[in-house]
Amino acid sequence: MTVEAINIAGFKPATLADQPQPMLIWADLADLVIDRRYQRSITAKGRSAIQRIANGFDWRKYQPILVAPTDGGKLAVVDGQHRAHAAALCGIEKLPAMTVPMTPTEQAAGFAAINSDRISMDAPTIYRAELAAGTQWAVDCKAAVEAAGCGLGTSRPAQASKRPGMVYAVNLIRKMVQNGESDAVTGGLRAIRESESGDHIESYGGPVLSVWLPALAMNQRFLVLDLASIFDGLDILTMMDEARVTSRQTGTPAKAIVLGKVVAELTERKAVAS
C-alpha cells in the first residue's frame, strides 16, 4: 500500500486558539510590498537565490507565499519575498498566496517564527524580526547592549562596513541575557567602549566577546573593578592563537584555556582591590 489516509490515532487532541482564518488568493505582484522593519534586505547571496529560483521556476515545486493586508490595499509579504522576486523575473503577474489579517507586529512575529529554523537565516536577522515583534528577549538584549553605549546589529554587514561599538554576536548576547547575566553584558561592553581599544572593530568581535563577557559573568564582584584598564591589558586574540597550540597538545578547547586565564586575571585584580 503506497497511500494512506490521515491517521491521528495515538495523538493528544489540541485546541485551536481563536485566530483569523486564512484565505487562498491569487495575489497581484504589483500589490506586494516588503516591510523593512522586519524583512531582511536582499544580499548578494539573496540575489543569487532569486536568480536560481527564477531559472528553475516550476509550479510543481512552488509553495504559496504568506501575505497580510496593509495600507493602501497593498499586501505585505511575510514569507516569500525571494519567490516573489523570482516570479517577477519570469514575467509572472500573479502568485498563489495565503493571506491572513495581521498587525505589523504580528507580521514580524510570523516572519521570525517561520524563518527561525531555516539555516539561511542568521542571528542578527532573526533578532531584527523579533525586535520588531516586541519579543521580550530581543527587547532585553537591545537594552543591555545600548546601556553600554553600543548597538546590537540587526544585519551582518561586510567587514569594511563594520564600526566600533557595533556587536553582531547576537546568540552570545541572547544566551547571557536569558541566563540573567545582563549586568555582565553591559559592564563588559562598557569597559571595551571606555578602553584604549574601544575604537578597534576587533574588540567587539565574537572571538573576544565570547571570552570576555562570560568571564565577567563568573563573579558579580568582577563588575566593580576597573574593567577598561584590565581589558587593555589583555590581548585576547593573541591569547587565543597561543591557546590553539596548547589545545592541539592537550585536547582542551582553546576558548576554555583563554577563559580560564581571563578569569584568573580578574580574580587576582579582585584580590588586590580587596
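Bear in mind the structure is a predicted one, so any value in this text is a computation, not a measurement.
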How about [atom1] on [X], more than 12 heavy atoms from neighbouring residues, nucleotides or ligands closer than 6.0 Å, or not?
X    : atom1 : value
K142 : NZ    : no
R221 : CZ    : no
D71  : CG    : no
Q178 : CD    : yes
R269 : CZ    : yes

- May I ask whether V208 and V185 are part of the same hydrophobic cluster, defined by side-chain heavy atoms of I, L, V, M, F, W, Y residues being less than 4.5 angstrom apart, directly or through others? yes
- request: Kindly work out whether a path of hydrophobic side-chain contacts (I/L/V/M/F/W/Y, heavy atoms less than 4.5 Å apart) joins L66 to L95.
  value: no
Review point. Under the 3.5 angstrom rule, does the side chain of T250 hit a backbone N or O of T246 as a donor-acceptor pair?
Key: yes
Just by distance, do the side chain of T267 and the backbone of V263 share a donor-acceptor pair under 3.5 Å? yes
The reported gap from NZ in K270 to CD in E265 (rounded to nearest 0.5 angstrom) is 13.0 Å
Any side-chain donor near an acceptor of the partner, [X] and [Y], under 3.5 Å:
X    : Y    : value
T238 : D241 : no
D232 : S197 : yes
D183 : T186 : no

